[in-house]
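Residue numbers start from 1 in every chain, and the chains themselves are labelled A, B, ... in the order their sequence lines are given, proteins ahead of strands.
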2 protein chains.
Amino acid sequence: MPFNSQRAERRTDALSKARIVEAAIQILDADGEGALTFRALATRLATGSGAIYWHVADRQALLAAAADHIIAGVMSEVTMRSKPQDAIRTIALGAFDAIYAHPWIGAQLSGDPWQHAVLRIMESIGRQVQLLGMPEAALFNATTALMNCVLGVAAQHAAAARLPRNTERSAHLTAIAEGWALLDPLEYSFVRRLAAQLPGHDDREQFLAGVNLVLAGIQSIWF
Amino acid sequence: MPFNSQRAERRTDALSKARIVEAAIQILDADGEGALTFRALATRLATGSGAIYWHVADRQALLAAAADHIIAGVMSEVTMRSKPQDAIRTIALGAFDAIYAHPWIGAQLSGDPWQHAVLRIMESIGRQVQLLGMPEAALFNATTALMNCVLGVAAQHAAAARLPRNTERSAHLTAIAEGWALLDPLEYSFVRRLAAQLPGHDDREQFLAGVNLVLAGIQSIWF
DNA sequence: TGGGCTGTTGGAACATCGTTCCATTTCTGT
DNA sequence: ACAGAAATGGAACGATGTTCCAACAGCCCA
């Protein structure tokens, strides 16, 4: 009779996609995108990687589900009884704040602009754009232009999300600005000018300015 | 005397970062981002992976160098004697065409918005924005808003670049649109409306429309 | 001319990772 | 009670980025 023939204790609480996604989000928030491995996830859930694959297709699907879970929460909270322009600003800022709080979402959104989480944002924004009442073709151009603002900050924070965990946010920007300052003054006069403002600038404010720019463009072209 | 003690023939032409980047671009263009492995690269260059690491820091640096090489070529070709708005359109379309021709650049640009290749584009656009003559702070907001248009299409093509190589471009869009058509009509009314237009739309035209929207916004706010 | 020294090369070896496979356990309906 | 289906845990596979190191080439200086 083999001494060791029995398995380890089976978990009492059942595994489920929801529980897996929840654990994945905890890992992502704590240690960034690189830390989300099936081994780490299996350890945290006290199971094996095979069991996880029963509930989730692959790593990409897991990341998409994690991003969708958070974006869904943010988008459902947005209530709007104001005029469309203000509603659009509220939605966009909601997306911004989510990306800011969970930088790995930036990488996920900009990595696949047609995943469900992006659709959620697009639907929210698109509905408000519809209320502005412009021709059909212009409708989609305007919505995707607004989406570009969101995907733009997503990409910016995606880069920061891949950084080692200890790096400070402001230190990151300062380091970038210092790199820019070393560029050839003739070839990169504009970028060097920008570098001076980079460390002290407000991400959120700049994001909002971009959205307002697009809104102003919509207003001026069709109204 | 061991029969096999001599090494393989050493290459006559010297290895160099330029030669490595060139070979990397060939692989990327031929088989997409996933195909660029150090093993494949070493085989194509008839050398070992260690030799490549002597010239290139790591895979990320290699991809950045490849993207920069192509973007540098595109940006240097842009000649402009027209008014700033037209010049901006020309630059943006140049970036668009580069991304369209080499979809892996999309993944690279949107994956790290502060790499050199992106700076090149930003410098080109920023200089033209300067010529418009607006206040300092607005300058950077306007430039980054225009960059968002570029990073937006970059992200869109990045997704397509990760697809299996045989997939057609239009088939990809059609498949996406079909997926959208299956969504809940109540929750996703806007996206479903968009799905109808997706397969037949012109990427380049929509990109230009986004740029024009931002340009119109700039015009309407500061002039 | 010869002998080290530095820059360079090729390829084996290492550490991980995503994913697959499968023996085994648990659940469910009859 | 039992058969089939659902679910589990962990070993094993194949591939990748990266590191390491023994060997080599060209060069300067004695």
Under-3.5 Å N/O pairs linking protein and nucleotides 4-6 of chain C:
none

Worksheet item: Roughly, in whole Å, what's the span from OH in A:Tyr53 to P in D:dA12?
Response: 18 Å
Item to complete: Hey, could you give me each pair passing ring-ring contact (aromatic ring centres under 6.0 Å, His included) that has a residue in residues 39-71 of chain B? Not counting sequence neighbours.
Response: B:Phe38-B:Tyr53
Worksheet item: Does OP1 or OP2 of D:dA6 have a side-chain N or O of A:His55 closer than 4.0 Å?
Response: no
Practice prompt. Figure out the NZ/P separation between B:Lys17 and C:dG7, and round it to whole Å.
Written response: 18 Å
Worksheet item: Applying salt bridge (charged side-chain N to carboxylate O under 4.0 Å, His left out), which residue pairs with at least one partner in residues 48-65 of chain A are found, sequence neighbours left out?
Response: A:Glu33-A:Arg59
Discussion item. Measure CD/B:Glu33 against C1'/D:dG17 and give the value in whole Å, please.
Written reply: 14 Å
Worksheet item: Between B:Leu15 (CG) and C:dT8 (P), how many Å, whole number?
Response: 10 Å
Worksheet item: Going by number, which of residues 36-43 of chain B have a non-hydrogen atom under 4.0 Å from DNA chain D?
Response: B:Leu36, B:Thr37, B:Phe38, B:Arg39
Item to complete: Map A:Ser16 and B:Gly34 onto DNA chain D by nearest heavy atom, then report which one ends up closer to the 5' terminus.
Response: A:Ser16
Discussion item. Would the distance check show the side chain of A:Glu123 and the main-chain N or O of B:Val191 forming a donor-acceptor pair, the cut-off being under 3.5 Å?
Written reply: yes
Worksheet, complete the sentence: Applying salt bridge (charged side-chain N to carboxylate O under 4.0 Å, His left out) to B:Arg39 and not counting sequence neighbours gives none
Worksheet entry | Counterpart residues, side-chain hydrogen bond (donor to acceptor under 3.5 Å, both in side chains), relative to A:Gln26 (two or more places apart) | A:Arg44
Discussion item. B:Arg89: which residues meet the salt bridge (charged side-chain N to carboxylate O under 4.0 Å, His left out) condition with it, sequence neighbours left out?
Written reply: B:Asp86
For residues 107-114 of chain B, which side-chain N or O atoms pair as donor and acceptor with protein atoms under 3.5 Å away, sequence neighbours left out?
| unit_1 | atom_1 | unit_2 | atom_2 | d |
| --- | --- | --- | --- | --- |
| B:Gln108 | NE2 | B:Gln115 | OE1 | 3.1 |
| B:Ser110 | OG | B:Gly106 | O | 3.0 |
| B:Asp112 | OD1 | B:Trp114 | N | 3.2 |

Worksheet item: Of all residues at least two apart in sequence or in a different chain, which pass the side-chain hydrogen bond (donor to acceptor under 3.5 Å, both in side chains) check with A:Arg204?
Response: A:Asp97
Worksheet entry | Set of salt bridge (charged side-chain N to carboxylate O under 4.0 Å, His left out) partners for B:Arg192, sequence neighbours left out | none
Fill in: Spacing of A:Ile52 atom CD1 relative to C:dC21 atom C1', expressed in whole Å
16 Å
Practice prompt. Rounded to the nearest angstrom, tell me the gap between atom CZ in A:Arg59 and atom P in C:dC17.
Written response: 10 Å
Discussion item. With heavy-atom distances below 4.5 Å as the criterion, would you say the side chains of B:Phe207 and B:Val150 are in contact?
Written reply: yes
Fill in: B:Asp58 CG to D:dT16 C1', straight-line distance once rounded to whole Å
14 Å
Worksheet item: What are the residues of residues 61-70 of chain A, sorted by number, that bring a heavy atom to within less than 4.0 Å of DNA chain D?
Response: none
Discussion item. Below the 4.0 Å mark, does D:dA7 have OP1 or OP2 next to a side-chain nitrogen or oxygen of A:Trp54?
Written reply: yes
Worksheet, complete the sentence: Hits for side-chain hydrogen bond (donor to acceptor under 3.5 Å, both in side chains) against A:His102, two or more places apart or cross-chain, chain-then-number order -> A:Asp29
